[in-house]
Amino acid sequence: MKSLEVITLLGTIISILLSIIAYFLKQLHGNFRKMEQDVALMKASIQLLKADLKANYNLLRQRMEFLENGHKP
């Protein structure tokens, strides 16, 4: 009888521990998905910034060329 109680107690403890591990793995997976979305958003923002900087650079370069050619604004 005692061995049956010990086995039942161990089974209960193992089940509880596995439940706790599963909970934390689920939380970790959710955090990774959120981080993946944040990284994708950051990449899109960086691409927009790069495009804006490139456009501003090209405009500035055109103005400099215009002024270097002797034209007055």
Side-chain angles (χ1 to χ4, degrees):
M1 256 340 217
K2 278 203 170 214
S3 75
L4 184 60
E5 291 175 8
V6 171
I7 291 173
T8 305
L9 181 63
L10 285 175
T12 303
I13 291 172
I14 290 172
S15 294
I16 291 171
L17 290 175
L18 287 175
S19 298
I20 291 170
I21 291 170
Y23 172 77
F24 283 115
L25 285 176
K26 182 179 176 185
Q27 293 294 323
L28 185 64
H29 184 259
N31 289 344
F32 275 120
R33 291 182 86 190
K34 173 111 173 74
M35 185 178 66
E36 186 179 43
Q37 291 173 348
D38 290 345
V39 168
L41 181 63
M42 216 181 327
K43 282 182 180 180
S45 297
I46 288 171
Q47 287 177 345
L48 285 173
L49 286 172
K50 284 171 83 175
D52 190 38
L53 286 173
K54 188 175 182 180
N56 287 337
Y57 172 75
N58 288 335
L59 183 62
L60 182 61
R61 190 172 45 84
Q62 288 174 0
R63 286 181 183 168
M64 288 177 61
E65 288 175 0
F66 181 77
L67 292 173
E68 286 175 352
N69 290 334
H71 301 294
K72 299 287 179 187

Tell me whether the count of non-hydrogen atoms from other residues, nucleotides or ligands lying under 6.0 Å of CZ in R61 goes above 12.
yes

Tell me if the CD atom of E36 is crowded by more than 12 foreign heavy atoms within 6.0 Å.
no

Quick one: pull up [atom1] in [X] and [atom2] in [Y] and give me the separation to the nearest 0.5 Å.
{"X": "L41", "Y": "I46", "atom1": "CG", "atom2": "CD1", "value": "10.0 Å"}
{"X": "I14", "Y": "S19", "atom1": "CD1", "atom2": "OG", "value": "11.5 Å"}
{"X": "I21", "Y": "L28", "atom1": "CD1", "atom2": "CG", "value": "12.5 Å"}

For the student: nearest non-hydrogen atoms of T8 and L4, plus distance:
OG1-O, 2.7 Å

Excluding L9, membership of its hydrophobic cluster (Ile, Leu, Val, Met, Phe, Trp, Tyr; side-chain heavy atoms within less than 4.5 Å) reads I13, L17

List, by chain and number, the other hydrophobic cluster members for I20, where Ile, Leu, Val, Met, Phe, Trp and Tyr join if side-chain heavy atoms come within less than 4.5 Å, directly or indirectly.
I16, Y23, F24

Are L60 and L53 in one and the same hydrophobic cluster, where Ile, Leu, Val, Met, Phe, Trp and Tyr link if side-chain heavy atoms are under 4.5 Å apart?
no

Using atom types as modelled and distance alone, determine if a side-chain donor or acceptor of D52 lies under 3.5 Å from a backbone N or O of L48.
no

Going through the distances and angles, do Q62 and L59 end up as a side chain to side chain contact (heavy atoms under 4.5 Å, CB included)?
CA-CA 5 Å; Q62 288 174 0; L59 183 62; 4.2 Å; yes

